[in-house]
Peer 1: 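One structure, pasted below without further comment.
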Amino acid sequence: MEVVQMQRAWVEYTKSLFREGFLDAQFQQLQLLQDESNPDFVAEVVSLFFEDSERLLSDLTFALEQQSVDFKKVDAHVHQLKGSSSSIGAQRVKNDCIAFRSFCEEQNVEGCQRCLQQVKQDYSLVKSKLEALIRLEQQIVAAGGSIPMEELSF
């Protein structure tokens with residue numbers, strides 16, 4: 001695929017992630033911070049988000065499997081996950097965490113477990129979509145092109 005085709009594909013794919021509610025304006029802000037002096041900025045931030053999220057999801061799974069659930073601890077993990085998903089613009093995960101926290105307040109184990117499954121599902125989707133986006137960006141740059149940020153007008 002030539003550079004122009006890859007750039008067009010990148011623009012369409014990125015727009016679809018916003019349209020489908022996977023990403024919000026915060027992700028655009030991250031993209032604007034990336035430049036020639038720091039070409040891997042978004043990939044690095046997203047990679048840290050993946051590491052943090054997987055640790056938190058593991059901690060949440062463990063906490064909700066306990067005989068006596070510590071809802072303060074669960075809520076603290078969900079709060080962290082909400083913050084990190086919000087900071088990269090992972091809108092669906094952030095919204096899932098908002099609902100999750102209300103079940104923590106109610107100390108509703110079943111509600112928390114359902115929310116955890118939803119968070120895991122949406123996290124997995126956004127992770128695969130962001131990985132695909134970053135791969136496409138890397139292919140564009142490797143082929144001598146640049147990321148066409150200016151074409152992302154919403």
Side-chain angles (χ1 to χ4, degrees), residues 6-7 9-35 38-141 147-149 151-154:
M6 285 190 286
Q7 289 171 322
W10 179 87
V11 168
E12 288 310 309
Y13 189 65
T14 302
K15 284 183 177 181
S16 76
L17 295 178
F18 285 91
R19 258 193 328 271
E20 296 168 19
F22 285 102
L23 300 176
D24 63 23
Q26 184 60 36
F27 188 76
Q28 249 183 320
Q29 294 301 311
L30 276 182
Q31 289 176 309
L32 293 173
L33 294 173
Q34 183 167 290
D35 57 22
N38 199 356
D40 297 324
F41 178 74
V42 173
E44 290 169 4
V45 171
V46 167
S47 178
L48 291 171
F49 166 69
F50 292 159
E51 290 173 24
D52 194 39
S53 296
E54 294 189 17
R55 177 186 53 79
L56 289 167
L57 289 170
S58 176
D59 291 348
L60 281 165
T61 300
F62 180 77
L64 287 171
E65 289 172 345
Q66 301 310 300
Q67 188 68 35
S68 176
V69 174
D70 180 346
F71 286 99
K72 282 193 188 314
K73 185 181 282 187
V74 171
D75 187 60
H77 293 320
V78 175
H79 182 70
Q80 274 187 283
L81 184 58
K82 178 179 165 254
S84 59
S85 59
S86 181
S87 71
I88 71 141
Q91 184 171 285
R92 286 190 184 182
V93 175
K94 177 189 78 176
N95 291 342
D96 292 342
C97 289
I98 292 168
F100 201 150
R101 291 195 73 199
S102 68
F103 284 112
C104 287
E105 282 178 29
E106 297 169 9
Q107 299 194 356
N108 181 331
V109 175
E110 294 79 22
C112 285
Q113 289 169 335
R114 281 193 310 275
C115 280
L116 177 59
Q117 293 315 307
Q118 187 64 50
V119 168
K120 285 180 176 181
Q121 181 180 340
D122 284 338
Y123 167 74
S124 180
L125 283 169
V126 80
K127 181 179 183 195
S128 68
K129 290 180 182 291
L130 285 172
E131 287 171 337
L133 184 68
I134 290 167
R135 269 194 310 276
L136 187 53
E137 287 180 2
Q138 291 168 339
Q139 290 169 348
I140 291 168
V141 171
I147 307 305
M149 287 299 299
E151 293 185 39
L152 282 183
S153 54
F154 293 96

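Along the sequence shown, residues are numbered consecutively beginning with 1. Since this is a predicted model, take the numbers as computed values, not measurements.
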Peer 1: Which heavy atom of F49 sits nearest a heavy atom of Y123, and at what distance?
Peer 2: CE2-CE1, 4.0 Å

Peer 1: Return all side-chain donor-acceptor pairs below 3.5 angstrom for residues 86-100, not counting sequence neighbours, or 'none' if the list is empty.
Peer 2:
unit_1: S87; atom_1: OG; unit_2: S84; atom_2: O; d: 2.8
unit_1: R92; atom_1: NE; unit_2: E20; atom_2: O; d: 3.3
unit_1: R92; atom_1: NH2; unit_2: E20; atom_2: O; d: 2.7
unit_1: N95; atom_1: ND2; unit_2: Q91; atom_2: O; d: 3.4

Peer 1: For P148, which residues count as a side-chain contact (heavy atoms from CB on, under 4.5 Å) partner, sequence neighbours excluded?
Peer 2: Q7, W10, V11, E150, E151

Peer 1: So do the side chains of Y13 and S16 get within less than 4.5 Å of each other, counting heavy atoms only?
Peer 2: yes

Peer 1: Got a sec, which pairs hit salt bridge (charged side-chain N to carboxylate O under 4.0 Å, His left out) with one end in residues 74-86, sequence neighbours left out?
Peer 2: D75-R101

Peer 1: What residues form a side-chain hydrogen bond (donor to acceptor under 3.5 Å, both in side chains) with D35, not counting sequence neighbours?
Peer 2: S37

Peer 1: Are Q31 and Q34 close enough that some pair of their side-chain heavy atoms sits under 4.5 Å apart?
Peer 2: no

Peer 1: Tabulate below the donor-acceptor pairs under 3.5 Å that side-chain atoms of residues 58-67 make, not counting sequence neighbours, or state none.
Peer 2:
unit_1: T61; atom_1: OG1; unit_2: L57; atom_2: O; d: 2.8
unit_1: T61; atom_1: OG1; unit_2: K120; atom_2: NZ; d: 2.9
unit_1: Q66; atom_1: NE2; unit_2: F62; atom_2: O; d: 2.8

Peer 1: Can you name the residues that form a side-chain contact (heavy atoms from CB on, under 4.5 Å) with D70, not counting sequence neighbours?
Peer 2: K72, K73

Peer 1: Would a 4.5 Å heavy-atom cut-off, applied to side chains only, mark F22 and F27 as touching?
Peer 2: no

Peer 1: Rounded to the nearest 0.5 Å, how far apart are CD1 of I140 and CE of M6?
Peer 2: 6.0 Å

Peer 1: Kindly compute the distance separating CD (Q28) from OG1 (T14), expressed to the nearest 0.5 Å.
Peer 2: 9.5 Å

Peer 1: Show every donor-acceptor pair shorter than 3.5 Å between a side-chain atom in residues 104-119 and any protein atom, with sequence neighbours excluded, or say none if there are none.
Peer 2:
unit_1: N108; atom_1: OD1; unit_2: E110; atom_2: N; d: 3.2
unit_1: N108; atom_1: OD1; unit_2: G111; atom_2: N; d: 2.7
unit_1: Q118; atom_1: NE2; unit_2: D122; atom_2: OD2; d: 3.1

Peer 1: Name all residues meeting the side-chain contact (heavy atoms from CB on, under 4.5 Å) criterion together with S47; count only those two or more places apart in sequence or in a different chain, and write none if there are none.
Peer 2: E51

Peer 1: Please tabulate, for side-chain N and O atoms in residues 127-136, each donor-acceptor pair with protein atoms closer than 3.5 Å (sequence neighbours left out).
Peer 2:
unit_1: K127; atom_1: NZ; unit_2: E54; atom_2: OE2; d: 2.8
unit_1: S128; atom_1: OG; unit_2: L125; atom_2: O; d: 3.0

